Amino acid sequence: MTEANSLENNIKYLSMMFEISTIANQADDVYELLKKIKDYTSSMIKTDDISFYLLENQYYKNVFVNDKTRSNEYFEYEEGNSSFWNAVEKMNLVSMKDETGTQIFRAFLEQNKILSLDPSHVRVFFHHQTPICFCFIKENPNSPLTLEAKENLNKIFNYMEPIIAKLHKKIKKDKEIAQLQKSLHNISILYNISQAVNFIDDLKRLLKVIISKALLTLDAERGSLMLYDYSINALQVTIVSGLQDKKLEDAINNGAVQCAKIGVGEGIAGTVFLERKPIITNLGSADPRFIVKEVLSNTKSLLCVPLIAKGEVIGVLNITNKKHDKLFNQKDLEFITSLANQAAIAIDNAKLYELATKDGMTKLYIYRHFYTLLENEIRRCARYKRNMSLIMMDIDNFKRINDTYGHLTGDTILKRLAAVLRETVRKIDIPARYGGEEFVVILPETDKKDACVIAERIRKNVAAITVKINETQTLSPTISMGIAQYTTDGQEPKELINAADTALYFSKHNGKNMASIYEKDGCIKVEQVNVDISQKLE
């Protein structure tokens, strides 16, 4: 070799290594590094058939999957093929075909189901004698690898090997950090749930918090919580979250629409309830345990866990469809089981609280609890000099309805009216059942004028209720209402209640189906006041 040729080769080598070092310096992670190596070597040896398989967990995953290589997405390598292992551990480019083009290590390729790659060469990258990356090359038949090309590939790969090892190690470290962060996040979520148990006394609100936290943490599309109803020996959907139809979701959560009930032992939810064991299924509706009537239609993956409080199963929690077509795994199950344990305790406590404070039929606060809340609100108003109003209402001709159509019809009207109250009042308002057919609403931060707006909304919405008596007859109830304001009409609970009650009976004696405002000099019908029920009240 002449001195000129030697100099030219040195320049080529230095130029190549300069480009390689630039690639190494510019790569942020191992995937970007391998992509740049592939692009550079593909250009150098004139072939696009270069595949890198990187160690992830126990598998070697194809870093650049495309339509051609989708069937060779990953393989699980075992050091059982001694001839192949002996060849690659020398850390050089190894020929995989003999002079006739026959695969030398066919057994290895078949064993790992990557025979279709049909590689001509392989280079294995090691870290502490552990193979961390395989590079398979299928040379271009029109441009077979020369001795010089092989030497250059060896130089490139030898230079890159410690860099690949370093960046590969970083992947593991980053995953461990991410896992730690996720664990801390999960602990935080569970802590938040435990705090919610202490501060949220409304069962529906509590269940919504539990479902939303579960969906957020598991990155899932939707969920539902089903509680066991002893009277019918079945599971009943109590809360849903994540439905595309938000009106339907609100209707289900408010009790206006009831989902199909799931019998004990029926479908996935019923099986989880009966056997007290969680189920993960990633088969969706193809799972033979799946039944269409569950609220889990269009299900691809499902995580269902039992809710157990004080040794008793009280319901199940369903989490449906992990986003981005991912599947639920054991870690998801561990988290949701911990959350379900917290949720079961919370639900059990909330149910006990509800039994003590709410009316069984209407699910509104009972008189005793209403009176306590009214006392608290009056104290708050006195301290901060705030407004507060009270609406009392009574169903018109309710005794006649019971006597004529029966108590079942009367009970239906009570339930429907309670539902209208919950749907019509604001979040800050407090509806309650005062007794019999009488109801009351505490309106914080509200003067008489704004109370008139809310009262008229309630009255009109109640009048729109239709109860079916028989095939040809329906009934629409009406209510009479009275409005009083703190401190104008009373500074003590009994004074305020008496004032609102006086206005209520004024409505009764002046035509019914109306609201009236208490005034010391004489009550006034709301219809005589300019009230715009369309105005927005916060």
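The model shown is predicted, which means the values in this text are computed figures rather than measured ones. Residues: numbered from 1 along the sequence shown.
At a threshold of 4.0 Å, the pair K261-D229 does not count as salt-bridged, since none of the basic side-chain nitrogens sits closer than that to a carboxylate oxygen. Using a 4.0 Å cut-off between a side-chain N of Lys or Arg and a carboxylate O of Asp or Glu, R380 and E445 qualify as a salt bridge. A salt bridge is absent between E334 and K331; no separation between the charged side-chain nitrogens and carboxylate oxygens falls under 4.0 Å. Taking 4.0 Å as the cut-off between side-chain N and carboxylate O, D447 and K449 do not count as a salt-bridged pair. With respect to the salt-bridge test (charged N to carboxylate O, under 4.0 angstrom), the residues K170 and D29 do not qualify.
Counting only distance, with no hydrogens or angles, the side chain of E221 and the backbone of T320 share no donor-acceptor pair below 3.5 Å. Listed for the E437 side chain is no donor-acceptor partner under 3.5 Å among the backbone atoms of I395. A donor-acceptor contact shorter than 3.5 Å links the side chain of S301 to the backbone of K322. E495 contributes a side-chain N or O that, together with a main-chain N or O of E492, makes up a donor-acceptor pair within less than 3.5 Å. For the pair D287 (side chain) and L283 (backbone), a donor-acceptor distance under 3.5 Å is absent. In this structure a side-chain-to-backbone donor-acceptor pair under 3.5 Å is present from D396 to N513. Although no hydrogens or angles enter the test, the distance criterion places no donor-acceptor pair under 3.5 Å between the side chain of S241 and the main chain of R222. Side chain of D359 to backbone of T362: a donor-acceptor contact under 3.5 angstrom is found. A distance-only check finds no donor-acceptor pair linking the side chain of E519 to the backbone of D489 [under 3.5 Å].
Aromatic ring centres of F439 and Y434: separated by at least 6.0 Å. Taking the six-membered ring where the residue is Trp, the centroids of Y365 and F370 are separated by 6.0 Å or more.
Rounding to the nearest 0.5 Å gives a distance of 8.0 Å between CD1 of I314 and CG of L225. With rounding to the nearest 0.5 angstrom, the NZ atom of K415 is 9.0 Å from the NZ atom of K363.
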Stepwise side-chain contact (heavy atoms from CB on, under 4.5 Å) check, T409 with V467: CA-CA 8 Å; T409 300; V467 177; 4.2 Å; yes
